[in-house]
Every structure is written in C-alpha cells, then in structure tokens.
Amino acid sequence: MSKLTLDDLRKMRESLKIDMDKRDSQQDTRIVVGMGTCGIAAGAKKTLNAFIDELNKRNLKNIAVKQTGCMGNCNVEPTVEIFMPDMPTTLYGNVTEDTARKIIQKHIIDKALLDDHIQDKPSIDIVKH
Amino acid sequence: MHLTLCDFLSDIVQNSIESEATLIVVDVIETKEKYKFLVADNGKGMDPKTLAKAQDPFITNGKKHKRTQGLGLSFLAQAVEQGCGTWDIRSEKDFGTSVSFTFHKSHVDTPPLGDVPQTMLQLMIFDGNHELVINRSYGEQKYTIVRNDLKKTLGDLSRAGNLMLAQKYLISLEQDIINL
C-alpha cells in the first residue's frame, strides 16, 4: 500500500459518508472496551481490533467503538460493555477476538445475550473506595 | 504483565489522558540499536509525595479509572530492569508529567515492539478534547500524526467506518518508513 495523505483520507471519507448517513439506527449503539493496565495486559487491543474489523465486514460502519479505563473486573479482562436500543446494557468478560466477533453476530445483530460471558458489575463500594 | 513495548506506551498515555491534559506529545524513536519512547503531558501532574507513591505497585488512589497509576509504572520498571533499559518520570503539580523509557534491541529480555499503527489508532480514539501529537521516527525516516487533523478529516473518531479509514492511513504511514 502506498503512503496515504490526509487529502486521500478526506476523499475516502467522502465516498463513505453517503453510505454512513443511510444507517441512522446504528447511531445509538456503543461498544466500550476496557483499556486499563489490566485490559491491555489481557490483550484488549486485539479485541478492539476485532470489533473494528468485524463491524466493517458487516457494514455496520456507524456503530461507535470506544474505550474506557479499568471497569473493576480485572479478573475477566478483556471486558466490553455494550449499549444499544432494545437490549439491556451488558458487560461481557473474557472477550477474546473470537468472542468479539460472536458478540456482533449474536448480541448486536440477533439481539440475544451471550450467556457464558455476562458479568456482574462490581458493587459500588468497590468501585468508589 | 504487558507483552509488547507498545502496550507499555498505551498504558502510560492513558495515564496522561486521565490526568486531564489538553496536550499530549508522544515520541516513538527507533534506531538500529535502540527504542526510545517519550510521553509528555500538561495534565494535573503530581507532587513529589504522590510521585513516589505512583511507583509503588500496591498503591492506587482507589477511585474508578485511576488504578493504572499504581500498576502501569511498576510493570514498566520491571520490564526495564529485566531488559537493562532505562526509564524516568518527572512530574510537577499543576504543570504536567513526562515519562521516558529506552530499550536496547539486542538485549534478549527486551519485549517485542508490538503493532505500532494499531497502538497509534487506539491512542487516537480515546474520548476527550485533548490534542495528541505522535512523532514516529525510524532512522532518518519520520512521520507525525495530529489528533485534531485526523478528527477534522474524518469527523467522529469513534464510528467503526472512520476507525477503519484511520487504521488504513496509519498503516500506510508506518509501512512507508519501515519498507524503505
């Protein structure tokens, strides 16, 4: 691949924009990956990458992928929280690259939970003190 | 424990982002013999007492999102010790913090560099209005990425479509200096 400039990038963005404007229903869906020390050590960067890759493969280009610090579930990193309409906000643990792809298929597309990976949030006193 | 040098970098930069910095400058310098990383921010900084505590793996300020202050630096210190590298942290309260670390490529215990463009993407897409400038050099070759330029060009940096474009852009820059 030859070196891209910001201008090239702008052109690529413009051709994508038409595509992205059509899909407003995705705007409220948010995938948040825990990227604290614990997340990074457990391979959360690969998880993040898998989400970006899979969303683009399935043309879900308007879904937001975000990061946060430690969510308090260091024992089951990488952790991922999914916010979307018509589904409860869900925290998943042990989200490897494969699981990330499964989450997109099952949770986001089929609107069903992945029972094996659901986590409880730590109680408030652990997070705050 | 972190696998790659880029993982240490992510950890340190995340501290900067969480320190309410408005400007963060990162240098990733690679020569034939060495890797050198520099992270400087204008965030809230630390007084000497907090700075000493920050290097203790068993101390954290305990609030959500602040836990990395304990473990991240200890991980770095341990890796540096194993790989005979160097590291340094300087901080001034209400002025900012800078962290630098170097590793010799030839040392058997130096961690692998890791995926540079992927790490840059991950750093660029952290939420917030801060400016982040990354200078990457490989011998004589170099490039610079400016977060605000990327945002102006692509718009919302969290949308999957934009992330894919940003990724392509960053990979092309890295390949350009590596493959010469």
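Every chain is numbered from 1, with letters handed out A, B, ... down the list of sequences.
- With Arg10(A) contributing its side chain and Thr153(B) its backbone, the two residues share no donor-acceptor pair below 3.5 Å.
- No more than 12 heavy atoms of other residues, nucleotides or ligands shown are found within 6.0 angstrom of NZ on Lys34(B).
- Put simply, the side chain of Arg159(B) gets close to the backbone of Asn62(A): a donor and an acceptor are under 3.5 Å apart.
- Pairing each heavy atom of His2(B) with each of Thr37(A), the nearest pair is CE1-O, 3.2 Å.
- At a 4.5 Å heavy-atom cutoff, Leu3(B) makes no contact with chain A through either its backbone or its side chain.
- Linking ILVMFWY side-chain heavy atoms closer than 4.5 Å, directly or via other members, places Val95(A) and Ile118(A) in a single hydrophobic cluster.
- Of the atoms belonging to Gln167(B), it is side-chain heavy atoms, and not backbone ones, that fall under 4.5 Å from chain A.
- When the candidates Leu48(A), Val33(A), Asn49(A), Asp8(A) are compared by the number of heavy-atom contacts under 4.5 Å with chain B, Asn49(A) comes out ahead.
- Proximity of Lys61(A) to Leu163(B): side-chain heavy atoms (C-beta onward) are nowhere separated by under 4.5 Å.
- When all heavy atoms of Met35(A) and Gln14(B) are compared, the pair lying nearest together is O-OE1, 3.1 Å.
- Both the backbone and the side chain of Lys45(A) come within less than 4.5 Å of a heavy atom in chain B.
- Remark: Lys152(B) NZ is loosely packed, at most 12 non-hydrogen atoms of other residues, nucleotides or ligands lying under 6.0 Å away.
- The CG atom of Leu6(A) sits 3.5 Å away from the OH atom of Tyr169(B) when rounded to the nearest 0.5 Å.
- Of the listed residues (Ile52(A), Leu9(A), Leu55(A)), the one with the most heavy-atom contacts under 4.5 Å to chain B is Leu9(A).
- Clustering ILVMFWY residues whenever any of their side-chain heavy atoms sit less than 4.5 angstrom apart, transitively, puts Val146(B) in a cluster other than the one holding Leu9(B).
- In the hydrophobic clustering of ILVMFWY residues, with side-chain heavy atoms under 4.5 Å counting as a link, Val76(A) and Leu91(A) come out apart.
- With sequence neighbours left out, Phe101(B) forms a ring-ring contact (aromatic ring centres under 6.0 Å, His included) with Phe37(B).
- Taking a 6.0 Å sphere around CG of Asn129(B), one finds it holds 12 or fewer heavy atoms contributed by other residues, nucleotides or ligands.
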How far apart are the C-alpha atoms of Gln175(B) and Ser2(A), what are their side-chain angles, what is the distance that settles it, and do they pass the side chain to side chain contact (heavy atoms under 4.5 Å, CB included) test? CA-CA 8 Å; Gln175(B) 284 183 344; Ser2(A) 64; over 6 Å; no
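- Scanning all heavy atoms of the two residues, the minimum distance from Leu4(A) to Ser172(B) falls at N-OG, 2.9 Å.
- Residues meeting the side-chain contact (heavy atoms from CB on, under 4.5 Å) test with Lys142(B), sequence neighbours left out: Ser137(B).
- Residues passing the side-chain contact (heavy atoms from CB on, under 4.5 Å) test with Lys11(A): none are found, sequence neighbours excluded.
- With Ser158(B) contributing its side chain and Val65(A) its backbone, the two residues share no donor-acceptor pair below 3.5 Å.
- Linking ILVMFWY residues whenever their side-chain heavy atoms come closer than 4.5 Å, directly or via other members, leaves Phe103(B) and Ile29(B) in distinct clusters.
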Would you please test Leu16(A) and Leu165(B) for side chain to side chain contact (heavy atoms under 4.5 Å, CB included) and show each step? CA-CA 9 Å; Leu16(A) 189 71; Leu165(B) 290 182; 3.7 Å; yes
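- Val25(B) and Val13(B) fall into different hydrophobic clusters, defined by Ile, Leu, Val, Met, Phe, Trp and Tyr side-chain heavy atoms under 4.5 Å apart, directly or through other members.
- Residues of residues 105-127 of chain B having a heavy atom under 4.5 Å from any heavy atom of chain A, listed by number: Gln118(B), Thr119(B), Leu121(B), Gln122(B), Ile125(B), Phe126(B), Asp127(B).
- Shown here is Lys36(B), whose NZ atom has no more than 12 heavy atoms of other residues, nucleotides or ligands within 6.0 Å.
- Open room surrounds CD on Glu81(B); 12 or fewer heavy atoms of other groups in view lie less than 6.0 Å from it.
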